[in-house]
Amino acid sequence: MRDAHGGLLLLKHEINESEMLVVENPVTQEEQECRVVFLGEPSDRGQRVGIEFLTPSPHFWGVEFDDSSAVNITH
């Protein structure tokens, strides 16, 4: 899962919630600073880690996002 504000990664190394990371797109070599916002349960494959970019980056993942993929929540 990914969007202009972050994504969900599978990492082999242990990490802490709220930890700051730098993620690099190996194709474009673009780097984005991000913070860990979600930690899934560890498994033999690794741990799912939700990240949030410190600044939105709609082109980081190399795909285009449109407004129809956004989720609107109203209270």
Next on the checklist: Going by side chain to side chain contact (heavy atoms under 4.5 Å, CB included), Val36 matches just one of Asn16, Ile15, Leu9. Which one?
Outcome noted: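 The residue from Asn16, Ile15, Leu9 that satisfies side chain to side chain contact (heavy atoms under 4.5 Å, CB included) with Val36 turns out to be Ile15.
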
Checklist entry - Between CD1 of Ile51 and CD of Gln32, what distance do you get to the nearest 0.5 Å? => result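 Reported value, rounded in 0.5 Å steps: 9.0 Å.
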
Checklist entry - Quick one: CG on Leu21 to CG on Leu11, what's the gap to the nearest 0.5 Å? => result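 With rounding to 0.5 Å, CG (Leu21) is 7.5 Å from CG (Leu11).
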
Item to check | Sequence neighbours excluded - salt bridge (charged side-chain N to carboxylate O under 4.0 Å, His left out) pairs with any residue from residues 6-22 | outcome: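 For residues 6-22: none.
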
Item to check | Pairwise salt bridge (charged side-chain N to carboxylate O under 4.0 Å, His left out) hits with a residue in residues 23-35, at least two apart | outcome: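 For residues 23-35, and leaving out neighbouring residues, the salt bridge (charged side-chain N to carboxylate O under 4.0 Å, His left out) pairs sorted by first residue read Arg35-Glu52.
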
Checklist entry - Where do Leu8 and Phe38 land on the side chain to side chain contact (heavy atoms under 4.5 Å, CB included) test, with the steps shown first? => result CA-CA 9 Å; Leu8 184 64; Phe38 168 79; 4.0 Å; yes

Item to check | Heavy-atom closest pair, residues Val23 and Cys34 | outcome: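 Distance-wise, the nearest heavy atoms are CG2-SG, 3.4 Å.
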
